[in-house]
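First up is the structure itself, then whatever we jot down about it.
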Amino acid sequence: MSKVEILQVGPYPEWDQVPLDAAFTMHRYFEAADKAAFLAEVGGNIRGIATRGELGANRAMIEALPKLEVISVYGVGYDAVDLAACRERGIRVTNTPDVLTADVADLGVAMMLCLSRGMIGAEAWVKDGSWAAKGLYPLKNRVHGRRAGVLGLGRIGFEVAKRLAGFDMQISYSDVSAKDYAPDWTFVADAVELARNVDFLFVTLAASAATRHIVGREVIEALGPEGMVINISRASNIDEEALLAALEAKTLGSAALDVFEGEPALNPRFLKLDNVLLQPHHASGTFETRKAMGKLVRDNLTAHFAGQPLLTPVL
Ligand code: 8YV
């Protein structure tokens, strides 16, 4: 009996690729030189898509697959999947929530600490001989006891806030409504008001058309020259032009970023800044989490084609 044919949009580690190849016929879209020709050649038999959060599946890809039944996303963010196109045809969509929440929150807090205390520069100070030649490393900024805001108190935002509480920080958050699971933290409905009253602003909300550029010029100005923005969500949640202008003019203190428009080809203006910490979309990048994500991708596909309930459905 022939195996179910799957369109694989991006690469997976070997520990995922081997079982996927054993269970399905995997067509590696990302390796095709002529992607349109590739879809025309294999698209007629494809019943599932295995993709990555940042790659998704756009309408053109979905419409090139007349037998498509399910899209399995390796990641919690499914904003790059055209959900409207999926709804029109009853195509199921799954993602990989929960298994990555703690690692993403860990890295967000680590980014805040690393940038606020100048750890990247401090290591250079040791390695380039400055410590011996110039003496003490310049003083940096305290984190504990200061004010933190979390924009989006979903799973990841909640775990970030939990960690910040361990630093005795004053925690407030903005979301569509106050959360009964966050009685100890202050709800602020308006993102500008939130930014005006914190030192560190974490952007943790799920990206969608409704959240695009929610961190715009007004929020950035409100955060101000002593403020730091930390983005572990999607680049689309921040107006990157406004962010760059504020960082260059020093009207925003600093930014710790794990995601970028056009990644991995980020705007070269970021590379000239001395008030940023840049990470390669790596917040979920641990062995344990990525193995759990990959297993969920496989298990959702297997469940669907066995007629079983999906483990982590989005649609
Ligand atoms: C993943 C992410 O690493 O979960 C998401 O949505 O963006 C990251 O955690 C990425 O999707 C893997 O390619």
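Just so it is clear, the structure is predicted and the values come from calculations on it, not from any experiment. For this chain, numbers begin at 1 and follow the sequence in order. Order of listing sets the numbers, starting from 1, for every ligand and every atom in it.
- Sorted by first then second residue, the ring pair (Phe, Tyr, Trp, His ring centres under 6.0 Å) pairs that include residues 19-74, not counting sequence neighbours, are Y12-Y74.
- Taking the six-membered ring for Trp and the full ring otherwise, the centers of W125 and Y137 sit less than 6.0 Å from each other.
- When each of D239, I238, N237 is tested with V215 by the rule side-chain contact (heavy atoms from CB on, under 4.5 Å), just one qualifies, namely I238.
- Pairs of residues two or more places apart, or lying in two chains, that qualify as salt bridge (Lys or Arg N to Asp or Glu O under 4.0 Å) and include a residue from residues 159-173 are D106-R163, E159-K162, E159-R163.
- Taking every heavy atom of both residues into account, S284 and R290 meet most closely at OG-NE, 3.0 Å.
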Show every donor-acceptor pair shorter than 3.5 Å between a side-chain atom in residues 189-198 and any protein atom, with sequence neighbours excluded, or say none if there are none.
{"residue": "D190", "atom": "OD2", "partner": "V192", "partner atom": "N", "Å": "3.3"}
{"residue": "D190", "atom": "OD2", "partner": "E193", "partner atom": "N", "Å": "2.9"}
{"residue": "E193", "atom": "OE1", "partner": "R196", "partner atom": "NH1", "Å": "2.9"}
{"residue": "E193", "atom": "OE2", "partner": "N197", "partner atom": "ND2", "Å": "3.1"}
{"residue": "N197", "atom": "ND2", "partner": "E193", "partner atom": "O", "Å": "2.8"}

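- Closer than 4.0 angstrom to ligand 1 lie heavy atoms from R52, G53, E54, Y74, G75, V76, G77, L100, R234, H281, S284, R290, M293.
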